[in-house]
Amino acid sequence: MTQIRLRNTKTRKVEEFAPIDPRNVRMYLCGPTVYDRAHLGNARPVVVFDVLYRLLRHVYGADHVTYVRNFTDVDDKINATALARQQAGAPGSLEELIRERTEETIGWYHADMDALGALRPNFEPRATDFIGAMIAMIADLIAKGHAYAKDGHVLFRVRSYENYGALSGRSVDDMIAGARVEVAPFKEDPMDFVLWKPSDAGLPGWDSPWGRGRPGWHIECSAMSYELLGASFDIHAGGIDLQFPHHENEIAQSCCAHPEGHFANYWLHNEMLQVEGKKMSKSLGNFFTVRDLLDQGIPGEVIRFVFLQTHYGKPMDWTAEKATQAEATLRKWRALTDGVTPAAQPAPGVVAALADDLNTAGAMAELHALSADPAVLKASAALLGLLEDGMGDWAKAPDVDLSAHAEALSALRANAMETKDFAPVDALKSALMAAGVEVRMSKAGVELLPGPGFDASRLPPL
RNA sequence: GGCGGGUUGGCGGAGAGGUUACGCAGCGGAUUGCAAAUCCGUGAAGACCGGUUCGAUUCCGGUACCCGCCUCCA
């Protein structure tokens with residue numbers, strides 16, 4: 001069996017992956033807060049850990065991996081959108097408008113991630129479906145002395161968990177010295193974070209022992225991972241920006257609530273995405289969503305290819321140049337593997353590269369060496385979610401009949417061979433190329449193929 | 001201020017303490033009426049300064065620069 005090795009943020013070392021139960025390898029990825037379209041950065045962990053999911057399925061069997069990715073549908077930005085719609089005259093209660101908004105956003109998310117070739121996880125729990133589990137966990141934390149209620153809030157007592165800061169390499173005292181923590185009158189300690197907060201009439205809320213309110217940010221992942229994967233599971237993944245405080249807080253909550261377990265054994269974090277060398281931000285004007293790129297005609301498979309060219313642990317720079325190159329390579333591979341039945345097994349070199357801490361860039365280099373064997377190329381690319389049937393329509397040549405043009409060109413060329421005047425041939429060739437037609441002339445004859453920029457309306461008249 | 005990541009040839013981007021990464025672009029050749037496509041070949045690197053070593057781009061230390069997190073943004 002292939003030995004997978006993964007860099008574990010918890011130990012900062014590359015470790016051999018040993019699942020708790022090889023018949024049920026369990027992985028949790030922090031999913032989106034569904035307040036709007038997913039931006040390009042949101043897509044990176046989805047694609048990266050989709051490759052991990054595919055690798056785990058390959059090694060342990062497709063039925064022996066459980067992949068959970070949550071939807072956080074409790075959020076003040078969602079509330080704000082719902083409120084704005086209500087004030088603009090939209091019918092329905094605030095709760096209904098919130099549900100409407102999150103349904104809409106989840107639909108977009110699915111469509112966009114599907115376009116990137118990401119497999120759907122086995123479970124996609126919504127926070128609002130697990131409020132009861134969160135309340136139970138919070139009550140348990142209070143009972144065990146790790147949390148306290150004050151003024152309608154419930155806070156986690158950070159000082160009660162001695163390992164707090166271990167994942168991110170910080171000490172509580174250092175963080176206080178940083179003085180960026182929110183000080184509030186209901187906190188025992190400035191580091192304590194909110195498990196539950198009160199909701200007024202204009203906000204969604206659920207009844208709880210501490211009054212009507214809503215959960216804080218971190219508790220939903222702890223509650224849902226416990227419900228679906230148990231007190232101990234294998235892999236917990238997400239963007240590096242979540243390492244602190246989100247994942248640190250998840251660990252504190254989960255380990256204090258379930259001291260019998262050890263939460264996630266392996267923590268994987270992907271580095272951030274940049275755009276043309278700079279952080280993607282609205283103020284720099286380089287902020288865009290996955291849908292923006294798809295609408296510009298950049299295929300999801302091309303986006304995926306660009307992502308996987310960079311190792312997940314390094315910052316990944318999105319550039320238009322990379323997209324262009326990726327598209328050219330994919331076109332070449334698509335042409336090579338079109339209609340080919342994939343081999344039964346992927347190339348060992350590709351599996352080995354992926355098993356080495358998801359070295360997707362190395363795996364792609366291996367793919368380049370497989371152009372002589374399209375069946376193996378296709379089977380190997382599938383581990384990366386590339387060259388799969390159903391995702392390649394963008395690369396298919398338009399179905400047009402250029403035979404009349406080909407005959408015309410062929411006749412002109414035959415004539416030119418006699419007269420040695422090639423000007424008419426070149427004129428027609430230029431016109432065809434201007435319409436996006438690829439012109440191939442050999443001694444065997446003339447071949448016309450619609451190229452990437454093919455435009456039938458610009459074809460020269462016969 | 002605290003914590004973390006990075007710096008490889010024109011561009012992108014890996015592995016390995018000593019032997020060609022790979023892709024794109026470039027250059028040379030085959031092929032072509034000329035091209036395109038394809039095939040063959042080829043030059044080019046390891047931020048800077050020290051250390052360890054027979055030998056370092058690869059290990060260790062330092063410097064510079066870049067980036068991220070510490071603000072419910074993956």
Side-chain angles (χ1 to χ4, degrees), chain A residues 9 12 29-33 35-36 38-49 72 74-77 165 167-171 173-182 193-194 197 215-220 237-246 248-249 269-274 277-282 287 305-306 308-317 319 321-322 324-326 328-329 332 335 352-353 356 359-369 371 413 416-423 425-426 429-430 432-433 437-444 447-449 451:
Chain A
T9 310
R12 283 142 216 231
L29 174 65
C30 283
T33 302
Y35 64 94
D36 205 349
H39 66 248
L40 192 62
N42 296 122
R44 172 125 107 133
V46 174
V47 170
V48 162
F49 297 114
T72 297
V74 181
D75 174 75
D76 287 345
K77 286 193 279 291
L167 178 73
S168 51
R170 301 152 196 256
S171 76
D173 294 323
D174 283 349
M175 286 183 271
I176 301 225
R180 291 275 193 98
V181 290
E182 183 193 2
F193 59 89
V194 171
K197 52 192 168 187
W217 176 32
H218 317 289
I219 192 70
E220 89 275 22
I240 187 69
D241 57 332
L242 293 182
Q243 183 189 25
F244 186 89
H246 183 57
E248 201 72 72
N249 292 354
H269 290 102
N270 63 278
E271 254 293 348
M272 297 290 99
L273 176 130
Q274 299 186 321
K278 291 182 176 151
K279 181 182 177 172
M280 182 163 79
S281 75
K282 285 177 179 168
F287 182 96
F305 187 106
V306 172
L308 297 181
Q309 266 185 313
T310 301
H311 188 268
Y312 75 89
K314 285 192 171 185
M316 133 96 219
D317 192 18
T319 66
E321 173 66 21
K322 284 184 179 178
T324 304
Q325 286 195 11
T329 303
K332 196 170 75 179
D356 181 14
N359 184 356
T360 52
M364 307 252 293
E366 294 285 332
L367 292 183
H368 280 290
S371 46
R413 181 162 173 258
M417 295 288 196
E418 304 288 325
T419 64
K420 300 297 172 198
D421 175 14
F422 288 93
V425 186
D426 289 339
K429 189 177 78 173
S430 300
L432 287 166
M433 286 167 65
V437 178
E438 192 180 293
V439 180
R440 299 184 184 178
M441 286 189 276
S442 68
K443 54 190 175 207
E447 196 181 358
L448 300 183
L449 299 166

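The sequence lines fix the lettering, A, B, ..., with proteins before strands; numbering per chain opens at 1. Everything numeric here is computed off the predicted structure, so don't read it as measured data.
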Side chains of A:Thr329 and A:Gln309 in contact at under 4.5 Å (non-hydrogen atoms):
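No, too far: nothing below the 4.5 Å cut-off.
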Is any side-chain heavy atom of A:Lys322 less than 4.5 Å from a side-chain heavy atom of A:Asp317?
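Yes, close enough: below the 4.5 Å cut-off.
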Which value, in whole Å, describes the distance between the P atoms of nucleotides B:rU58 and B:rG17?
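Between the two P atoms, the distance is 12 Å.
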Taking the same atom, P, in B:rU53 and in B:rA74, what whole-Å distance lies between them?
50 Å
Send over the distance from [X] [atom1] to [N] [atom2], rounded to a whole Å.
| X | N | atom1 | atom2 | value |
| --- | --- | --- | --- | --- |
| A:Leu367 | B:rG13 | CG | C1' | 14 Å |
| A:Ile240 | B:rG68 | CD1 | P | 14 Å |
| A:His218 | B:rA74 | NE2 | C1' | 15 Å |

Have a look at [X] and say if it touches a base, only the backbone sugar-phosphate, or nothing, with a 4.0 Å heavy-atom cut-off.
| X | value |
| --- | --- |
| A:Gly41 | base |
| A:Thr319 | nothing |
| A:His39 | base |

A:Gln243 side chain to A:Leu167 backbone, donor-acceptor under 3.5 Å
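Here the side-chain-to-backbone pair exists.
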Between which residue ranges does RNA chain B form stems of three or more consecutive Watson-Crick or G-U wobble pairs, both distances under 3.5 Å?
B:1-7 with B:64-70, B:10-12 with B:22-24, B:26-30 with B:38-42, B:47-51 with B:59-63
What string of B, S and - do you get for nucleotides 29-37 of chain B, 5' to 3', if B is base contact, S is sugar-phosphate-only contact and - is no contact with any protein heavy atom under 4.0 Å?
---SBBBBS
